[in-house]
Amino acid sequence: MSFTFRHLLGTEALSRDEITFLLDQSRAFQGIQKQPLKKLATLRGKSAVLAFFETSTRTRISFATAAARLGADTMNLQAESSSTQKGESLVDTVRTLEAMKPDVIVIRHAASGAPHFVAERLGIPVINAGDGLHEHPSQGLLDALTISDRLGRLDDLNVTIVGDIRHSRVARSNIHVLSKFGGRITLCGPAMWLPAEMPGMAPNMRIEPCITQALPGANVVMVLRVQTERLREPSLPPDEYIRLYQMTPARLALARPDAVLMHPGPMIRGLEIDPAVADSPQSTVLEQVTNGVAVRMALLYLLTGGAPSAATPQAG
Amino acid sequence: MPTREKTQLLSAAQTGRTIERLGHEIVEKTGEAHGIALIGIRRRGVPLAQRLAGTVRAATAAEAPIGILDITLYRDDLSLASAHPVVQSTEIPFSVDGRDLILVDDVLFTGRTIRAAINGLFDLGRPRRVQLCVLVDRGHRELPIEAAYVGRRVETRPEDLVEVHLKEIDGEDRVLLERMP
Amino acid sequence: MEERMLLIHNGRIVDPARTFDGPADVLIEGDRIARVGPKLDAPGAQRFDASGLVVAPGFIDLHCHLREPGNEPAETIETGTRAAARGGFTAVCCMPNTQPVNDNAAVTRFILDRAAASASVRVWPIGAASHGSMGEGLAEIAAMKDAGIVAVTDDGKPIATAKLLRHVMEYARSLDLPVIEHSEDASLFAGGVMREGPTSVRLGLRGIPAAAESICVARDVQICTLTGARLHVAHMSAKESLDLVRDAKRRGLPVTCEVTPHHFTLTDEDVTYDSRYKMNPPLASRDHRDALLTGLADGGVDAIATDHAPHTQASKDVEFDRAPFGVTGFETALSLALEALVHSGRAPLSRLVELFTSGPARVLRKTRTIAAGEPADLTLFSTEHRWTFRAADSASKSRNTPFDGREFRGAPMATIVAGRVVWQRET
């Protein structure tokens, strides 16, 4: 199996074999995270543009770290891109970046599909680091790597995702990954954040607004961030959310005893998650961060190499 | 395209015996192989290291630990390749700090693989000493690297190809030289 | 001075207003039809051989954007009407959302002057309902009517409040003008960019529920009940909107509606991040689209209108969220209608012709028929001609169409306005 994609725009288009391959490659880079010397010269002379048109600290630092550990240079662009803002068009901005001859562009943008738009117009690989309400594929992959590390498998899992599903690109990327491994996914959250059409995205998905019904049997519990800044609908009073959906020790106890508890970060302790749950042994929050670097190293390594070929010259 | 002609350098029996002899040389030169560890370079360095460890064990009853090194990320020809080769994991389940290490590979040619391997090893720690053991040394070095243990030295031309077959990977033991007619 | 004569012979006349469908010739003298009948003889007349072609009354497009004045890089009256002629349209109604907005007689006259100087087909301007289409005070509707508008609308958005709509409709009734509504509830629309449904959820694009339209159609029909003015629902995209219009018609209310070719052809499942699939109202789900097709076939819908909405390449070549709404539509309208209605067997050819001719004419209280004394506006088309639409070859200044490269069976072949062949397909 090899990776034949020029870009990584989402997990929806990835096959199960391709995801398995990407996770295997990521495991090779997990090893490097444990070395005393973590910096390689593999991508020396290559450069990555980190074009973040939406505020992000964690994902940007994760990609920057991944690039640095591979020896690649990074060029940072941080610009706000609210839909009302006028000014230079995205196509002009990215063409300017392309003229600096980077080997890959990592793009985060508030508009769903912006990375696709860029990928169609540029001659270099594009990695989607989160687009609007659409996907966050590297997060989906790092979550899968974390689950597989903890549980020893990805197949046939009961996964419960709790929170603002409607506005979550993390949920979408995870759904596309886990459903390809036979995952049975339960979406739980306030009814207005649970689109009725969502279960049509993958087989074996259901909507369950009641958290005590959603958790029993879960191998994986994913708590989403309550992304208040993304809401256009009237927002729910926080106390109502806490009352019905905060992940408390008692609620987590409804899941399987060995269930892993995941959160993409940043967490708001006391809102979507009880601090005791965030710090519990079941929590994978910090492993997710570490694995994020490994997955992004693998992506940068693979995508800056062009299309894979079987033939390699005789090694010496 | 003219077909390459292949000649056999080592038969199955000769391959086996050569590896066996390399094992004994290691035991001899390292003083009963005390405290050494074998690092197999992926891919064919790995079964070679395992066989050498077997010989060491049989001769001394000492257990030489084995590590596996993937040098892909340390290669200096990545920018020349049309695509980045698949990375495999490095599995060295012991600390290399202060250790006597023997790198094991099938063919020594330009020396670039060994340069990459040494780089990789030093990212993991600070070994006391690193030696090199190869089944075939075919010459044409491009770097100041020599092997302490050599199974067979072969005269080749740069465009030739030395093919090592090992049972564990290829189903048979055999070493071939492929050259242009 | 002897008048110029043109004889269109060997054609099949389809004239829904007279429920006529059969072989007949048309003799045009000057800008009017002189005679209609079998095997006409007209010595000295220029002859147009319409063998194998349908000869229909001139097509009317109730809904288009010609962008002049104000956005000439996207379209002008000259280029827009040239594209209209290539689509078989002999008259087009241009929406008032120009810059400046057509909310006073001076702008109306400017448009008509530009049309007289440069247009290939008739231009019938539509005036703004409110000043600047801002939804507050009324526009100078009576003055615009004297200058030549045929309807009022705040298209691009609905007339802002029920109270304002009431005043507009009362006033429009006294002036015998229809009120065209772009029906849309702003709070449900809420920054959406495509129809809410499985595709919007999957693509992470903000959805607009079908109810955003129908809830406003319900309001509009109720104000129609209150005022008795003529209400025309523009570019209808929701099943429930059509149900409301059907119900209003049953109750004898003066309510009509139109559907665009893209709404009866495509669905939300066709949407990708390509902004050529972004228009407002958005493409409907399959069941809503099918309901629209049923309405087109059975008379529930009165007219096919293009909502031709040209945008420059630069303005459309942006993220889906930021792209303006709208697609071009003149040159593909008839071919799409033939495909969806006639070749599919959903409706007879005469019904299709009605949707482009007497249907829209009724909305404007005009007649459209092929009879002696009528204006010599005719659309000649083939139901069989095979062709491929190339956006790059369009007469429009803009290229924002989702139908680039589509292969068609059936095409406009010639457009006659006031007795002149303003366009003829090169074959």
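Only heavy atoms go into these numbers, but all of them, side chains included; no hydrogens, no water, no symmetry mates. So you know, we letter chains A, B, ... as the sequences are listed, proteins then strands, and number each from 1.
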For B:Ala148 and B:Glu25, which heavy atoms make the closest approach, and how far apart are they? O-OE1, 4.5 Å
Paired with A:Met262, the side chain to side chain contact (heavy atoms under 4.5 Å, CB included) test is passed by just one of A:Val170, A:Ile147, A:Asn174, namely A:Ile147
If you count heavy atoms of other groups shown closer than 6.0 angstrom to NZ of B:Lys167, is the number above 12? no
Enumerate donor-acceptor pairs with a distance under 3.5 Å from any side-chain N or O in residues 39-53 of chain A to protein atoms, sequence neighbours excluded.
{"from": "A:Lys39", "atom 1": "NZ", "to": "A:Ala68", "atom 2": "O", "distance (Å)": "3.3"}
{"from": "A:Thr42", "atom 1": "OG1", "to": "B:Leu73", "atom 2": "O", "distance (Å)": "2.4"}
{"from": "A:Lys46", "atom 1": "NZ", "to": "A:Thr304", "atom 2": "O", "distance (Å)": "3.2"}

Could you tell me whether B:Arg126 atom CZ has more than 12 heavy atoms of other residues or ligands within 6.0 Å of it? no
Residues of residues 87-100 of chain B with any heavy atom under 4.5 Å of a heavy atom in chain A: B:Val87, B:Gln88, B:Ser89
Interface residues of residues 284-291 of chain A facing chain B - non-hydrogen atoms under 4.5 Å apart: none
So which pairs with a foot in residues 63-73 of chain A pass salt bridge (charged side-chain N to carboxylate O under 4.0 Å, His left out), sequence neighbours left out? none
Would you say CD of B:Glu159 has more than 12 non-hydrogen atoms from neighbouring residues, nucleotides or ligands within 6.0 angstrom? yes
Any donor-acceptor N/O pair, B:Arg141 side chain to B:Ile145 backbone, under 3.5 Å: yes
Among B:Lys6, B:Arg174, B:Arg138, salt bridge (Lys or Arg N to Asp or Glu O under 4.0 Å) partner for B:Glu163: B:Lys6
